[in-house]
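These values consider heavy atoms only, across backbone and side chains, with no hydrogens, waters or symmetry-generated copies.
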Amino acid sequence: EYSVYITLGGLAVILFTAGMNMVASTSISREGSTFWISKLIPVSPRQQVLGKLLHSLSISAAGVLLAGIVFTLYFKLSIIKTAALLILGLEGSVLLASLGLMTDLIHPKLDWSTPQQAMKQNINGLFAMITTFLLMAVLGAVAALLVILSVKEWLLLALLGFILLLLGFPCIALLFSLAEKRYNDIET
């Protein structure tokens with residue numbers, strides 16, 4: 001009878017895990033004073049940003065998969081619910097990574113002396129965490145409303161997935177558009 005709460009709790013854990021990945025929100029900043037090379041190489045900013053996005057997603061996917069497996073084994077979820085959790089977690093990862101990368105494109109921290117400064121002393125990581133909590137709050141409010149309305153669990157998960165897709169596609173399009181504009185404007 002608590003199946004829907006366990007599934008939603010698993011989704012929250014997975015999204016939290018994906019959201020704490022600071023790779024996307026510091027990917028431009030980590031280039032530091034060598035960012036000028038990215039402006040000179042014969043690869044479009046769109047392709048470079050896509051590479052950074054895929055790199056971040058590969059790390060997030062590992063965290064999503066691990067959290068999904070642990071949650072599934074602990075709560076003995078069915079294969080279908082596990083698949084739903086993993087799909088929703090990956091959709092959320094794409095959205096969060098896109099937003100984090102956009103934040104770093106808008107305000108990169110290229111002036112640092114040690115690589116730790118680019119990661120640990122970068123305000124963009126904090127913005128990525130705040131974005132994660134905001135997304136989790138919105139999805140939590142939608143899920144709570146759907147639970148109150150007694151929506152079936154499969155429909156609830158499908159609606160959450162649809163919301164993530166609805167937010168994710170425009171974010172990716174905006175990210176690529178922003179990359180084309182910002183790469184030339186960023187000064188090293």
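The nearest pair of heavy atoms linking V64 to A18 is CG2-CB, 4.1 Å. Residues L175 and L53 share a closest heavy-atom pair of CD2-CD2, 4.2 Å. Taking each heavy atom of T17 and A67 in turn, the nearest pair found is OG1-CB, 4.1 Å. Pairing each heavy atom of T132 with each of G19, the nearest pair is OG1-CA, 3.2 Å.
Within the structure, ring-ring contact (aromatic ring centres under 6.0 Å, His included) pairs that include any residue of residues 41-93 comprise F71-F75 (at least two apart or interchain). Applying the ring-ring contact (aromatic ring centres under 6.0 Å, His included) definition to pairs two or more places apart or across chains, none involves residues 145-179.
To the nearest 0.5 angstrom, Q48 atom CD is 10.5 Å from S27 atom OG. The distance from atom OG1 of T72 to atom CG of L77, rounded to the nearest 0.5 Å, is 5.0 Å. Interatomic distance, I123 CD1 to I130 CD1, rounded to the nearest 0.5 Å: 7.5 Å. Atom OG of S93 and atom CG of L164 lie 9.5 Å apart (nearest 0.5 Å). Rounding to the nearest 0.5 Å places CG of L135 at 6.0 Å from CG of L15. Atom CD1 of I106 sits about 11.5 Å away from atom CD1 of I28, to the nearest 0.5 Å.
Using a 4.5 Å heavy-atom threshold, the side chains of M22 and M129 count as touching. Between L101 and V49, some side-chain heavy-atom pair lies under the 4.5 Å cut-off. For the pair S33/L110, no side-chain contact is recorded, criterion being any heavy-atom separation below 4.5 Å from C-beta on. Contact check for L65 versus I69: side-chain heavy atoms found under the 4.5 Å cut-off. With contacts defined as side-chain heavy-atom distances shorter than 4.5 Å, the pair S38/Y183 qualifies. Two residues are said to be in side-chain contact when any heavy atoms from C-beta on lie closer than 4.5 Å; L96 and T131 meet this criterion. Using a 4.5 Å cut-off on side-chain heavy atoms (C-beta onward), R182 and D185 make contact. Proximity of L8 to V147: side-chain heavy atoms (C-beta onward) are separated by under 4.5 Å at one or more points.
Taking hydrophobic clusters as Ile, Leu, Val, Met, Phe, Trp and Tyr residues chained together by side-chain heavy-atom distances below 4.5 Å, V4 shares a cluster with L155. Both M136 and Y5 belong to a common hydrophobic cluster when Ile, Leu, Val, Met, Phe, Trp and Tyr are linked at side-chain heavy-atom distances under 4.5 angstrom. Grouping the Ile, Leu, Val, Met, Phe, Trp and Tyr side chains by contacts below 4.5 angstrom, directly or via other members, places L134 apart from L160. Linking ILVMFWY side-chain heavy atoms closer than 4.5 Å, directly or via other members, places L105 and I172 in a single hydrophobic cluster. A continuous path of hydrophobic side-chain contacts links V13 to L11 [ILVMFWY only; heavy atoms under 4.5 Å].
The existence of a salt bridge linking K52 and E31 is confirmed by a sub-4.0 Å separation between a basic side-chain nitrogen and an acidic carboxylate oxygen.
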> Run the side-chain hydrogen bond (donor to acceptor under 3.5 Å, both in side chains) check on D104 and S25 step by step: do they pass?
Replying inline: CA-CA 5 Å; D104 204 35; S25 61; over 6 Å; no

> Given L139 and I163, is the side-chain contact (heavy atoms from CB on, under 4.5 Å) satisfied, shown in steps?
Replying inline: CA-CA 8 Å; L139 291 177; I163 290 169; 4.1 Å; yes

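Between the side chain of R30 and the backbone N or O of V23, at least one donor-acceptor pair lies under 3.5 Å. Side-chain N or O atoms of K109 include one that pairs as donor or acceptor with a backbone N or O of Q121 at under 3.5 Å.
Qualifying ring pair (Phe, Tyr, Trp, His ring centres under 6.0 Å) partners for F127, counting only residues two or more places apart in sequence or in other chains: none. Residues that satisfy the side chain to side chain contact (heavy atoms under 4.5 Å, CB included) test with L149, not counting sequence neighbours, are L145, V151. Take A84 and apply the side chain to side chain contact (heavy atoms under 4.5 Å, CB included) test, not counting sequence neighbours, and it matches L157.
Its side chain outside the 4.5 Å cluster rule for every partner, I80 clusters with none of the Ile, Leu, Val, Met, Phe, Trp and Tyr residues.
Remark: the Q117 side chain and the S113 side chain contain an N/O donor-acceptor pair separated by less than 3.5 Å. A donor and an acceptor atom, one from each side chain of N122 and S29, are located under 3.5 Å apart.
Shown here is I79, whose CD1 atom has no more than 12 heavy atoms of other residues, nucleotides or ligands within 6.0 Å.
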